[in-house]
Amino acid sequence: MTFSLSKTVVSFEGEQLYTFEYAAFITETSITVVQVYVELGVIEAIGDLLHSREIARIAQIQRLRRDLGLNLVGAAMVLDMTTEIAQLRAQLKVY
């Protein structure tokens with residue numbers, strides 16, 4: 001099964017944007033799961049499109065839920081804290 005966009009969609013930053021359908025396929029979830037994640041604010045969409053980093057976040061959430069048994073909120077919190085720690089470490093390297 002292959003997916004393609006009828007036109008190339010590129011963000012203002014020059015990054016490729018992907019459909020919910022493509023994200024669901026890549027992360028082995030459903031379009032409904034992707035939509036729920038957007039509605040709950042777990043991932044950020046640009047209309048009906050996603051950056052690749054959001055697709056990676058879906059995959060990470062799915063992995064945390066499957067491998068560690070975390071619920072959705074717990075998995076999102078782990079990823080948020082991981083991002084914050086990485087940002088703080090980068091700031092410490094600057095000083």
Side-chain angles (χ1 to χ4, degrees):
M1 178 181 252
T2 60
F3 289 89
S4 63
L5 297 172
S6 60
K7 59 184 178 176
T8 302
V9 180
V10 178
S11 72
F12 290 117
E13 298 85 26
E15 296 179 42
Q16 183 73 39
L17 299 175
Y18 302 92
T19 63
F20 287 8
E21 181 180 44
Y22 180 81
F25 175 74
I26 292 298
T27 59
E28 299 178 355
T29 61
S30 68
I31 296 171
T32 302
V33 167
V34 175
Q35 291 170 332
V36 167
Y37 285 10
V38 170
E39 289 170 12
L40 295 174
V42 175
I43 60 170
E44 295 181 23
I46 300 171
D48 290 337
L49 300 171
L50 300 169
H51 282 279
S52 59
R53 67 179 168 266
E54 299 302 322
I55 296 173
R57 185 172 167 91
I58 295 168
Q60 292 169 328
I61 289 169
Q62 293 301 102
R63 205 170 15 253
L64 288 168
R65 296 185 76 192
R66 180 186 63 241
D67 296 347
L68 299 179
L70 297 178
N71 63 21
L72 178 58
V73 173
M77 287 178 66
V78 166
L79 293 179
D80 290 344
M81 287 188 291
T82 302
T83 301
E84 188 173 341
I85 289 168
Q87 290 170 346
L88 290 170
R89 285 182 176 163
Q91 288 176 359
L92 286 173
K93 287 183 180 180
V94 170
Y95 297 111

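- The salt bridge (Lys or Arg N to Asp or Glu O under 4.0 Å) search around Glu15 returns Arg53, not counting sequence neighbours.
- Minimum heavy-atom separation, Thr27 to Ala59: CG2-N, 3.8 Å.
- Residue Ala23 comes nearest to Leu50 through the heavy atom pair CB-CD1, 3.6 Å, listed as atom of the first residue, atom of the second, then distance.
- Applying the salt bridge (Lys or Arg N to Asp or Glu O under 4.0 Å) test to every pair with at least one member in residues 28-42, sequence neighbours left out, gives no pairs at all.
- With sequence neighbours left out, Arg66 forms a salt bridge (Lys or Arg N to Asp or Glu O under 4.0 Å) with no residue at all.
- Note that CD of Gln91 is 6.0 Å distant from OH of Tyr95, once rounded to the nearest 0.5 Å.
- For the atom pair Tyr37 OH and Gln62 CD, the distance stands at 3.5 Å (nearest 0.5 Å).
- The line from OG1 of Thr29 to CZ of Phe20 is 11.0 Å long, rounded to the nearest 0.5 Å.
- Within the 3.5 Å criterion, the main-chain N or O of Glu54 finds no donor-acceptor partner in the side chain of Glu44.
- Evaluation of the salt bridge (Lys or Arg N to Asp or Glu O under 4.0 Å) test over residues 67-79, restricted to residues two or more places apart or in two chains, returns none.
- The shortest side-chain heavy-atom distance between Tyr18 and Ile26 does not fall under the 4.5 Å cut-off.
- Interatomic distance, CD1 of Ile43 versus CD1 of Ile61, reported as 7.0 Å (0.5 Å rounding).
- Applying the side chain to side chain contact (heavy atoms under 4.5 Å, CB included) criterion to Ser30, with sequence neighbours excluded, gives Thr32, Val33.
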Solution key, residues 70-80 side-chain donor-acceptor pairs under 3.5 Å, sequence neighbours excluded:
{"from": "Asn71", "atom 1": "OD1", "to": "Val73", "atom 2": "N", "distance (Å)": "3.3"}
{"from": "Asn71", "atom 1": "OD1", "to": "Gly74", "atom 2": "N", "distance (Å)": "2.7"}
{"from": "Asp80", "atom 1": "OD1", "to": "Arg57", "atom 2": "NH1", "distance (Å)": "3.2"}
{"from": "Asp80", "atom 1": "OD1", "to": "Arg57", "atom 2": "NH2", "distance (Å)": "2.8"}

